[in-house]
Amino acid sequence: MIGAIAGDIIGSRFEGHAAPPEGFELFHRDCRFTDDTVCTVAVADAIMCQGDFAATLRAYVRRHPDAGYGGMFLRWALTDEAPAYGSWGNGAPMRVAAVGWLAADAAETDALAAAQAEVSHNHEDAVKAAQSVARAILALRQGATAAEVREWIGDTWGYDLRPEVALRGGGFDVSAAGTVPPALAAAFESTDWEDAVRTAVCLGGDTDTLACIAGAVAEAIHGVPAEIVMCARGHLTDDLRNVLGQFERVRVRTH
Ligand SMILES: [Mg+2]
């Protein structure tokens with residue numbers, strides 16, 4: 001999960017700007033955690049405490065109201081009992097990383113990925129995208145290679161993950177179906193964690209979310225270097241850091 005958080009923080013300062021040059025500074029003073037991190041930690045918390053996904057997400061958003069949420073999601077989060085609003089946006093896959101680490105098997109991964117998505121993002125594309133990211137993390141965690149997972153995800157989900165297609169970049173795409181293939185391809189093609197996140201950020205567009213998802217999956221392939229973990233943790237508030245610590249302890253205990 002720290003891979004998702006670090007990716008979000010690194011990508012945060014480029015969101016909506018032109019793609020940066022390849023050698024950009026990873027942790028710049030303008031970096032901050034955004035909605036991707038808040039919602040990722042909320043989903044982890046809900047799973048670990050067997051809490052309700054909607055109620056937990058709402059509590060986190062209200063504690064961190066200025067993290068850069070989309071307008072529809074913010075309205076949903078600030079309105080008790082608001083129903084899911086049919087979103088096909090990338091909010092569902094961007095917050096799913098913990099599912100891939102905490103679920104026991106494929107069936108539980110699919111169920112949790114769908115459940116956390118459907119409280120707000122109940123469009124089929126968003127649910128499927130969240131499941132693909134969580135299942136990729138699960139498969140990698142269980143020892144499959146990046147090449148095996150790339151082929152299997154491509155066949156099963158119908159995503160074109162060939163780098164010459166998925167890594168073309170192109171505009172500001174906040175759809176789940178448009179965000180997940182490039183983010184996955186950045187991870188699958190990477191030589192190390194940093195390489196995955198640099199590739200994702202250099203695609204431009206919704207850079208924090210691309211880097212969040214790429215960083216989440218790349219963590220399951222390569223791990224995250226200790227100095228990057230340290231820098232990312234340093235950007236968090238105490239409440240988020242505490243849940244991250246709890247997540248790391250649960251993960252070690254259960255696997
Ligand atoms: Mg964001």
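Each ligand, and each atom within it, is numbered from 1 in the order the structure gives.
- Note that OH of Tyr85 is 13.0 Å distant from NE2 of His123, once rounded to the nearest 0.5 Å.
- Of all the N, O or S atoms in Asp208, the one closest to the Mg ion (ligand 1) is OD2.
- Between Phe14 and Phe24, the ring center distance clears the sub-6.0 Å criterion.
- The Mg ion (ligand 1) lies under 2.8 Å from an N, O or S atom belonging to Asp36.
- The cationic atom of Arg135 (NZ for Lys, CZ for Arg) does not lie both less than 6.0 Å from the six-membered ring centre of Trp157 and within 45° of the ring axis.
- Open room surrounds CD on Glu81; 12 or fewer heavy atoms of other groups in view lie less than 6.0 Å from it.
- For the atom pair Ile137 CD1 and Ile221 CD1, the distance stands at 9.5 Å (nearest 0.5 Å).
- Among the atoms of Asp35, an N, O or S atom is found under 2.8 Å from the Mg ion (ligand 1).
- For a distance bound of 2.8 Å, the N, O or S atoms of Asp206 include none lying that close to the Mg ion (ligand 1).
- In summary, Thr209 places no N/O/S atom under 2.8 Å from the Mg ion (ligand 1), failing the contact criterion.
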